[in-house]
Student: 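Let me give you the structure first, and then I'll get to my questions.
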Amino acid sequence: MNRFYTLFFGLLLLSINAFTQSANSPFISADKLADQFSDYVVLDISKKEKFEEGSIIGALNITRDDISKTDGAYGGLIASREKLESLLSNLNITATDNIVVYDHKGGSDAARLWWVLRYYGHEHIQLLNGGLKAWGNNNASIDSIVTSVDSIAYTFPNQSNNTIEIANLSEVKAAVDDPNVLLIDTRNQDEFEGVYQKDGAFKAGRIPGSIHIDWAANIDYHGNQLLLENDSLLSLYASKGITQDKEIIVYCHSGVRSSFTALVLSEILNFPTVSNYDGSWIEWSYNDELAIDTGAVIVPVEEHIASYGEVFWAGFGNFASYTWNEITFNVSPWYVNYFWLLVVLSLVVWLLEIAFPWRKNQPIIRKDFWIDAFFMFFNFYIFKLIIFMSFSDVTAKFFHDIIGGDSTSYSLLDLASLPLWLQLIIFFIATDFIQWFTHVLLHRFDFLWRFHKVHHSIEQMGFAGHLRYHWMENVFYTPMKYIAVMLIGGFTPEMAYIVFYISIAIGHLNHANIGLDYGPFKYILNNPKMHIWHHAKELPENRHYGVNFGISLSIWDYIFRKNYVPSSGRDIELGFDGIERYPRGFFGLIFSGFKKTPDEK
C-alpha cells in the first residue's frame with residue numbers, strides 16, 4: 001500500500017504544480033514573497049514617518065504625494081508620466097522589474113500605486129495580500145532601516161498595461177442618468193450619507209444614484225486584512241445588484257480606496273468594463289452646479305421585495321460569467337479555480353482506481369460512468385455553487401435591509417483570534433457535522449429519501465459517483481451550511497479553500513474503487529471500505545434507515561452508533577430494493593423524487 005500513497009501524493013503534487021502555471025494573480029502572499037524576496041523590488045507606500053516606524057527590510061518608500069498631481073484647485077489626481085518616470089528612476093527601478101507594493105492599512109494605497117503604474121504601462125506588479133500585517137503575521141522581518149539605492153533611467157513602455165480606465169467628470173455626469181452604468185461609492189457609511197466631510201472635499205454627500213460598497217468590505221478589514229474568497233466577493237456585489245453586464249465606475253474621496261475595488265472587480269472577478277473616477281468626490285464636490293445626495297438611502301418595502309429576485313438572479317449571472325472565466329483560466333489566484341480543481345482531482349483519483357482496483361472485475365469505464373461524470377459538473381456548478389451563491393446573496397441582503405446589519409453580527413465564535421491550525425480544525429469539524437446531520441435526515445424521512453435515492457442508485461463504486469445526487473439536495477444542504485458559516489465568524493479565504501479541497505478529495509476517494517481504510521485513522525476519517533456499506537443493498541433489520549453517514553469524518557458514526565462495517569464489503573451488492581425499476585437516464589433521475597417512482601409502486 002506504500003506504492004499507493006506514493007503514487008497518490010506524487011500525482012496530486014504534479015497536477016497542482018502544472019495547474020499553478022496557468023495563473024497570474026495581482027496579489028502575492030507573504031509566504032511567496034518571503035521565499036522569493038530577491039526576485040522582487042518591494043515598495044512601501046506610506047508617509048515617511050510611518051515607514052520609518054517599521055517596514056519590510058529592503059523595501060523602498062513612496063508617499064501618496066509622489067504619485068499624485070499636487071498643483072491645481074484640488075489635489076489627488078494621477079501624476080504625470082514624467083513625474084513617475086523620475087520617481088522610479090531615483091529608486092533604481094527598471095521596466096522589467098517585478099514590483100510588489102504594500103501599505104500599512106489594508107491595501108488601498110497600494111492598490112492606487114498598482115493602478116497608476118499599470119496605467120502607464122509597467123507590466124510586472126503585484127499587491128502583497130494583507131499588506132504589512134500579513135508580513136508581520138508571517139513572522140517575517142520588520143525593521144526601521146531605510147534602504148538607499150542609486151538612480152537609473154526609467155522609461156514607461158509606450159502602451160498602457162491597464163484594464164481599468166480613468167473616468168473623467170463628463171463621463172460620470174453622463175453615468176448618473178444612464179441605467180447601463182453603475183456608480184459605486186467605496187467610502188465609509190458616514191461619508192456616503194454626508195454625515196462626515198473628509199479634509200479636501202468642498203462639501204459632504206455623494207453623487208446621485210451611487211451604490212454604497214465600502215472598499216474595506218473586500219477584505220477581512222478588522223481581522224487579518226486578507227482579500228476575501230471569490231465566492232464572498234461575488235455575493236457582496238450581487239447583493240447590491242452589481243452585475244457584469246453593466247459598465248462600472250468606482251469612486252471614493254480621491255480615487256485611492258476606489259482603486260482597490262476597481263482592482264477586485266476587474267482583475268479578480270473579471271468584470272469586463274471597470275473605470276476609476278480619478279477626481280472622485282473631491283472633484284465632484286468642487287463643482288457647485290453638480291447635484292449631490294445626502295442621508296440614508298430609503299427603499300420602499302415593495303421595492304425591497306422585488307429586489308430580492310433581482311439579487312437572486314444576479315447571483316446566477318455573475319457566477320455563470322465567473323465559471324466561464326475559470327474554464328478559460330482567467331481567474332486568480334490559481335487555487336480558487338474550482339472547475340480545473342475538480343478536473344485535476346477526478347483524474348488523479350481515476351488513475352488510482354486504474355492502478356489499484358479493489359473490485360478487480362469492475363470495468364475502468366464502469367456502469368453509468370458518463371452520467372455520473374456529467375452529474376459532477378451539473379450539480380457542482382449549476383446547482384451547488386450557484387444556488388449557494390444566490391442563497392447567500394439574498395440572505396446578506398435580508399440582514400442588511402430588515403435587521404439593519406449583516407450575518408457576521410450573529411457569529412457565536414470568532415476564529416480570527418485563534419492559531420491557524422485550530423481555526424482549520426474547528427471550521428472543518430463544524431461544517432462536516434452539519435453535513436453529517438443533514439445526511440442522516442435525508443435517510444430518516446421518506447420525502448427526503450426519495451430525492452436521496454438518486455445517489456444510492458449507484459451500482460458500481462467509482463469516484464464520479466461522489467457528486468451523483470438529486471439537485472434538490474442542494475436546497476436541503478445549503479441553508480444548513482450557510483447557518484454554520486454565519487455562526488462561525490473570522491474564517492479566512494485560505495481556510496475555506498483548504499477545507500473545501502480536503503472534503504472534495506476525501507469524497508472522491510470514499511466513492512472510488514479502491515480498498516482503503518487508513519488503518520487506525522478509520523475511526524476518524526471516512527474511507528472507501530466503510531463508505532461502501534453505506535451503499536449496500538442489504539442492511540441489518542435494526543438499521544433499515546441506513547449506516548455510515550459520514551461525509552469526511554467517520555467519528556460521528558462511531559459517536560452516535562451509526563457505524564457498520566461487518567466485513568470487507570468488496571463484493572457486496574449495491575443499491576436498494578427495486579433498483580432495477582428505478583429511472584436510469586439523466587432526465588429521469590433529476591425529475592424523480594417529486595412523486596413515487598416505479599420501484600415504489
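Computed from heavy atoms alone, side chains included, the values below leave out hydrogens, waters and symmetry copies.
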Student: Output all residues satisfying ring-ring contact (aromatic ring centres under 6.0 Å, His included) with Trp115, sequence neighbours left out; order by chain, then residue number.
Tutor: none

Student: Looking only at the side chains, is there a donor atom on one of Ser29 and Asp31 sitting less than 3.5 Å from an acceptor on the other?
Tutor: no

Student: Does Phe192 have any ring-ring contact (aromatic ring centres under 6.0 Å, His included) partners at least two apart in sequence or in another chain, and if so, which?
Tutor: His212

Student: Between Glu191 and Asn188, do the side chains contain an N or O donor and an N or O acceptor separated by less than 3.5 Å?
Tutor: yes

Student: Distance alone, cut at 3.5 Å: any donor-acceptor contact between the side chains of Tyr277 and Asp185?
Tutor: no

Student: Taking atom NZ of Lys48 as the centre, report whether more than 12 heavy atoms of other residues, nucleotides or ligands fall under 6.0 Å from it.
Tutor: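 Not more than 12 within 6.0 Å, no.
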
Student: Go through the steps to decide whether Tyr237 and Thr261 satisfy the test side chain to side chain contact (heavy atoms under 4.5 Å, CB included), and finish with yes or no.
Tutor: CA-CA 11 Å; Tyr237 290 98; Thr261 295; 3.4 Å; yes

Student: Is it the case that Asn276 and Ser259 place a side-chain donor and acceptor less than 3.5 Å from each other?
Tutor: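 Their side chains do contain a donor-acceptor pair, which is all the 3.5 Å distance test asks for.
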
Student: Partners of Tyr196 by ring-ring contact (aromatic ring centres under 6.0 Å, His included), sequence neighbours excluded?
Tutor: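 Not a single residue meets the ring-ring contact (aromatic ring centres under 6.0 Å, His included) criterion with Tyr196.
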
Student: In terms of the angle between their ring planes, are Trp135 and Phe37 parallel, tilted or perpendicular, with boundaries placed at 30° and 60°?
Tutor: tilted

Student: Pick out which of Asp278, Asp65, Asp66 makes a salt bridge (charged side-chain N to carboxylate O under 4.0 Å, His left out) with Arg112.
Tutor: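 Per the salt bridge (charged side-chain N to carboxylate O under 4.0 Å, His left out) rule, the option paired with Arg112 is Asp278, out of Asp278, Asp65, Asp66.
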
Student: Look at the aromatic rings of Trp350 and Phe463 and report parallel, tilted or perpendicular, splitting at 30° and 60°.
Tutor: tilted

Student: Are a donor atom and an acceptor atom from the side chains of Asp97 and His122 found within less than 3.5 Å of each other?
Tutor: no

Student: Answer yes or no: is there a donor N or O on one side and an acceptor on the other, between the side chain of Thr431 and the main chain of Phe428, under 3.5 Å?
Tutor: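 A pair under 3.5 Å: yes.
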
Student: Grab the two heavy atoms, one from Val101 and one from Ile99, that are nearest each other, plus how far apart they are.
Tutor: CG1-CG2, 3.8 Å

